2 protein chains.
Amino acid sequence: MIIHCITMASKERIARLKEETRINILDAALQIVKQEGWQALSLRKIADAIEYTAPIIYEYFANKEAILLELTRKGFLLLDRELQKAKAEHRSPAKQLEAMWLAYWNFAFDNKELYQVMFGVSTNCCCELVNQLPEAELPWDAFTPAIGELMKIEDLDSDVICTKYYTFWSVVHGLISINILGRNSSDDINRQVLRDAITGIIRSITP
Amino acid sequence: MIIHCITMASKERIARLKEETRINILDAALQIVKQEGWQALSLRKIADAIEYTAPIIYEYFANKEAILLELTRKGFLLLDRELQKAKAEHRSPAKQLEAMWLAYWNFAFDNKELYQVMFGVSTNCCCELVNQLPEAELPWDAFTPAIGELMKIEDLDSDVICTKYYTFWSVVHGLISINILGRNSSDDINRQVLRDAITGIIRSITP
DNA sequence: TATAATCATTTAACACTGTTAAGCAAATGT
DNA sequence: ACATTTGCTTAACAGTGTTAAATGATTATA
C-alpha cells in the first residue's frame with residue numbers, strides 16, 4: 001500500500017520530468033532558430049542542446065514537423081494574448097482595431113521566428129497542418145467582433161466582415177512579410193504605411 | 001585556315017549546347033517544383049531529368065542556391081513584362097495602376113512557384129542575395145512613375161511615393177501570401193478585397 | 001599519324017539531414 | 001532472485017548538397 005503510494009509519486013515525478021524535456025525540446029528548437037535561422041535547425045542540434053541523442057526526440061514528437069507545428073500553436077496562443085491585451089485597453093471598436101493591429105505588428109517583430117513558422121514567411125513547412133490548427137483561427141475571433149460592432153453588423157461570418165478582415169490582414173501581413181524578407185524601407189515609412197492603411201480602412205468602414 | 005574556321009564553328013556549337021543544358025537545368029528545376037513542390041527539389045532529381053549525374057550541375061551553377069536565384073531573376077523579368085503590358089493598355093495613371101496591380105496579382109497565381117521563390121513565401125532561401133538582384137527593383141520602376149504622375153510629384157524617390165508604393169504592395173502581396181498559404185477565403189472575397197483596396201488607395205491619392 | 005593535353009562526364013566519397021531498428025543497461029515488478 | 005519493462009544509445013538507411021579523383025573521349029601539337 002505504502003509502496004504503491006511511493007511508486008505513484010515517483011511516476012508523477014517522472015511524468016513531470018518528461019513534460020520538462022518536452023518543453024526543453026521546444027525551447028532548444030526556438031533558441032537555435034533565433035540564433036542561426038530556420039535553415040540551421042536539425043534534430044541532432046536540438047538533441048545536443050538538451051544533452052540527449054537525436055532519436056530520443058521521437059519519444060516526445062512524431063517527427064520534426066510536429067515540433068514546428070507545436071511552436072506555431074504556441075505562437076498563435078501568444079499572439080492571441082497580445083491581441084486580447086490590446087483590445088482590453090480600449091472601449092470603442094475603432095480604437096480596439098487600431099490597437100490590435102498594432103499589437104499584431106509588434107508581435108511579428110518581437111517574435112520574428114514564431115511569425116515565420118506561423119505564416120510560412122521564408123520557411124517551408126506544413127501549411128496544410130497549420131490550417132487545421134484550431135488556434136489558427138484565434139486572430140479571426142479576436143478581430144471580427146470589433147469589425148462587426150464598428151460596422152453594426154451582427155453576423156460575424158458575413159461576406160462584408162470577411163472582406164474587411166482580409167483587407168486589414170493583407171496589408172498588415174504583407175507589410176510584415178516584405179520587412180522580414182529584408183525589402184526594407186525605413187522604419188518611418190513602415191510606421192506611416194501601417195498607420196495610414198489601418199486608419200484608412202477603419203475610416204472607410206465607419207458609418 | 002579552313003580548319004580554324006571549322007573549329008570556331010564547332011566551338012560555337014558546343015557553346016550553344018552548353019547554353020542549352022543550362023536552360024534545361026532551369027526548366028527541369030521549375031518543372032519538378034511545379035509537380036512536387038519546392039521541398040522536393042534536389043540536384044539529383046534535376047540531374048535525372050536532364051539525363052546527367054548530379055555533379056555536372058556545378059559546371060553551370062555555383063550551387064543549388066544559384067539555380068534558385070536565376071529562377072527568381074527570370075521571374076522578375078517575366079513579371080516586368082506583364083506589368084509593362086498592362087501599363088501600355090492605358091493612358092491615365094489611375095487606370096494604369098489598377099491594371100498593373102491586377103497583372104501583379106495574376107502573375108502570382110499563374111506563376112505560383114516563381115512568386116514563392118521571388119518573395120520567399122513558404123520557401124527558405126537567399127533573401128540577401130535576391131535583394132541584391134537588380135531585377136528585383138523592376139516592379140518599383142514600373143509602378144512609381146504612375147504613382148508620381150497621379151500625385152503630381154516629380155521626385156519618384158520621395159517618401160510620399162515610397163509610402164504609397166509600399167501601401168499598394170503590402171496589401172497585394174499580403175493577400176497573395178495568405179492565399180498561397182492556403183488560408184483561403186473564397187475567390188469572390190479575394191477579388192473584392194483586391195479591388196476595394198486598390199481603388200481605395202488610388203482614390204486616396206488622387207488629388 | 002602518334003602522342004600529349006584538354007575536356008566532359010562519372011564514380012566515390014564526405015559531412016550532413018530525418019528517421020527507424022536493434023541493443024544495452026538500469027530501474028521496476030513479481 | 002529473476003523477469004520485464006523503461007530510458008537511452010549506437011548503428012544503420014536513404015536521402016541531401018558538395019567536392020575530389022578517376023575515366024574516357026575529343027582535341028591540339030609534334
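Letters A, B, ... mirror the listed sequences (proteins, then strands); counts begin at 1. Fair warning: this is a prediction, and the values are worked out from it, not measured in the lab.
- The CD-P distance, from A:E59 to C:dA21, rounds to 13 Å in whole Å.
- With rounding to whole Å, B:L41 atom CG is found 16 Å from D:dG15 atom P.
- Rounded to whole Å, atom P of C:dT17 lies 10 Å from atom CD1 of A:I32.
- For B:N63, the side-chain atoms get nearest to D:dT18 when compared with the rest of D:dT18, D:dT9, C:dT10.
- Closest to the side chain of A:S42, out of D:dC8, C:dT19, C:dG18, is C:dG18.
- One donor-acceptor pair, N or O on each side, does fall under 3.5 Å between the base of C:dG18 and the side chain of A:R44.
- With distances taken from any side-chain atom of A:T53 to the nucleotides D:dT19, D:dT18, D:dT10, the minimum falls on D:dT10.
- For the pair A:K95 and A:E89, the salt-bridge criterion is not met [side-chain N within less than 4.0 Å of a carboxylate O].
- As a whole-Å value, the separation of B:K64 NZ from C:dT17 C1' is 12 Å.
- Using a cutoff of 4.0 Å between basic side-chain nitrogens and carboxylate oxygens, B:E98 and B:R195 are not scored as salt-bridged.
- Counting non-hydrogen atoms under 4.0 angstrom, B:Y58 reaches a base of the nucleic acid.
- At a threshold of 4.0 Å, the pair B:E19-B:R16 does not count as salt-bridged, since none of the basic side-chain nitrogens sits closer than that to a carboxylate oxygen.
- Shown are B:L68, B:L41, B:V33; of these, the side chain to side chain contact (heavy atoms under 4.5 Å, CB included) with B:V117 is made only by B:L68.
- Here D:dG7 is the nucleotide among C:dT19, D:dG7, C:dT9 with the atom lying nearest to any side-chain atom of A:K18.
- Between the C1' atom of D:dC8 and the CG atom of A:D48 lies a distance of 15 Å, rounded to the nearest Å.
- Taking atom OH of B:Y60 as the reference point, atom P of D:dT18 lies 17 Å away to the nearest angstrom.
- The residue B:I67 sits apart from the nucleic acid: no heavy atom pair falls under 4.0 Å.
- Rounded to whole Å, the distance from CD1 on A:I57 to P on D:dT9 is 11 Å.
- Between A:K45 and A:E36 there is a salt bridge, since at least one side-chain N of the basic residue sits less than 4.0 Å from a carboxylate O of the acidic one.
- Residue A:L43 contributes atom CG, which lies 13 Å from atom C1' of C:dT20 at whole-angstrom precision.
- Both A:P55 and B:A54 lie near DNA chain D, and the one whose nearest nucleotide falls closer to the 5' end is A:P55.
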